[in-house]
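Accompanying notes for the structure given below.
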Number of protein chains: 2
Amino acid sequence: MTSDRLAPRAWRAYFEGSRLLENELERRLKATSGMDLGDFNVLLVLSEAEGGRMRMGDLARALAFAPGRLTYRIGALEREELVLRRPSPDDRRGTDAVLTDAGRRRLRKARPQHARHVDELFLGSLDDDALEVLDRVFGPLRARMLGRADSSD
Amino acid sequence: MTSDRLAPRAWRAYFEGSRLLENELERRLKATSGMDLGDFNVLLVLSEAEGGRMRMGDLARALAFAPGRLTYRIGALEREELVLRRPSPDDRRGTDAVLTDAGRRRLRKARPQHARHVDELFLGSLDDDALEVLDRVFGPLRARMLGRADSSD
DNA sequence: GGCGAGTATTTCAAAGTTGAACAATATCTG
DNA sequence: CAGATATTGTTCAACTTTGAAATACTCGCC
């Protein structure tokens with residue numbers, strides 16, 4: 001049998017493999033779309049929101065970005081006119097980030113290329129069984145982690 | 001059936017779940033051991049090498065760190081006397097990073113706490129089947145990614 | 001209505017990361 | 001062996017991220 005220290009081995013493979021995968025995805029995304037994974041995800045999450053519009057705080061939570069980081073990134077995207085800022089209609093403390101048409105176009109162009117990279121490097125080599133386990137493991141994990149948003153323990 | 005866009009859903013769960021997990025592991029590691037995941041892994045990888053000693057380049061590759069980053073990190077760890085630098089015996093261009101006794105002690109203290117976090121947040125909720133899939137998926141992924149170290153395509 | 005506690009976002013300095021250029025060696029080729 | 005080419009690790013400036021403090025507002029309570 002395969003030496004039953006399975007959990008540590010699986011963890012190590014997962015941890016290191018993930019990092020390598022993400023590095024390479026980032027490298028390719030930059031090469032093909034001139035954008036890093038962070039900004040890509042800002043645009044992606046925004047594009048899925050009603051009206052391509054979202055509160056800064058919600059966006060930060062969805063991306064697992066610290067608040068100062070999101071402010072900085074949205075600033076950069078604003079300079080490229082991919083996103084713009086609008087005061088929130090309902091709360092005068094609030095700011096909405098809004099995806100511009102240029103932002104949508106940029107995403108529409110980057111998205112299939114990124115999807116291809118993900119397939120080539122990762123999904124393409126997985127059978128249905130593996131996909132199901134991935135979904136079954138990481139879906140609830142994500143939910144749990146979002147749940148403990150700041151239960152601060 | 002469960003809406004057969006399984007692959008994108010699994011990818012999204014994995015990608016977002018991973019990020020959230022890593023954030024939280026980092027937060028806890030800092031809280032309990034005053035170290036970030038990057039430095040922890042430097043010490044860990046080093047501790048597994050012959051004599052706690054490794055060439056800068058090999059260490060950088062093992063960690064998926066850009067070279068300048070490793071230089072900077074080793075500098076910081078050196079200031080804390082957890083690591084020291086020695087010229088490589090066989091190649092005069094080379095430098096070895098060497099784990100000090102203080103470095104080993106620091107790792108020995110941090111490691112079980114980190115392991116506990118990993119269990120609590122992740123491994124603890126997985127059955128053997130999931131562990132096996134994880135190992136089966138990410139082991140080869142890691143190998144592939146290390147293989148393409150710089151096949152530059 | 002006004003005060004105090006709480007929340008949303010930004011700001012700022014310190015720390016970290018990146019990518020490209022560099023200096024020192026090594027290796028290869030004729 | 002000389003000269004060209006490749007590799008190792010460091011340096012540097014530009015950029016990014018972090019965490020804490022500041023700012024501007026909201027909300028519940030008296």
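Hydrogens, waters and symmetry mates play no part in the numbers below; they use all other heavy atoms, side chains included. Sequence lines set the chain letters: A, B, ... in the order given, protein chains first and strands last, and positions in each chain run from 1.
Along DNA chain D, the nucleotide nearest A:D91 and the nucleotide nearest B:Y72 are compared for position; the residue whose nucleotide lies closer to the 5' end is B:Y72. Sequence order on DNA chain D of the closest nucleotides to A:D36 and B:G68 puts B:G68 first from the 5' end. A residue-by-residue look at A:P67 and B:P67 shows that A:P67 has its nearest nucleotide of DNA chain C further toward the 5' end.
Atom-to-atom, CZ of A:R92 to P of C:dG6 comes out at 22 Å; the value is rounded to the nearest Å. C:dA20 atom P lies 10 Å from atom NZ of A:K30, rounded to whole Å. We find that CG of A:L70 is positioned 14 Å from C1' of D:dT16, with the value rounded to whole Å. To the nearest angstrom, P of D:dA20 lies 17 Å from CZ of A:R69. The distance between atom CD1 of A:I74 and atom P of D:dT16, rounded to the nearest whole Å, is 14 Å. B:D90 places its CG atom 12 Å from the P atom of D:dT8, with the value rounded to the nearest Å. Atom CE in A:M35 sits about 14 Å away from atom P in D:dT16, given to the nearest Å. Remark: C1' of C:dG19 and CZ of A:R27 are 13 Å apart, rounded to the nearest angstrom.
In the interface, the side chain of B:R93 is paired with the base of D:dT7 through a donor and an acceptor atom under 3.5 Å apart.
A side-chain donor-acceptor contact under 3.5 Å links B:D36 to the backbone of B:G38.
Phosphate proximity of D:dG9 to B:R55: present, with a side-chain N or O under 4.0 Å from OP1 or OP2.
Listed candidates were C:dT9, C:dT18, D:dG9. Nearest to the side chain of B:A66 is C:dT18. Of all nucleotides listed (D:dT10, C:dT9, C:dT18), D:dT10 comes nearest to the side chain of B:R85. Across C:dT17, D:dT17, C:dT10, the shortest atom-to-atom separation from the side chain of A:R73 is found for D:dT17.
Residue A:T71 is in base contact, counting any heavy-atom pair closer than 4.0 Å across all strands shown.
A ring-centre distance under 6.0 Å is not found for A:F138 and B:F15.
Partner of A:L99 under the side chain to side chain contact (heavy atoms under 4.5 Å, CB included) criterion, chosen from A:R106, A:R104, A:R53: A:R104.
Crowding of A:E80 atom CD: a count of heavy atoms from other residues, nucleotides or ligands under 6.0 Å exceeding 12.
Residues A:R28 and A:E24 are paired through a salt bridge, judged by an N-O separation under 4.0 Å between the basic side chain and the carboxylate.
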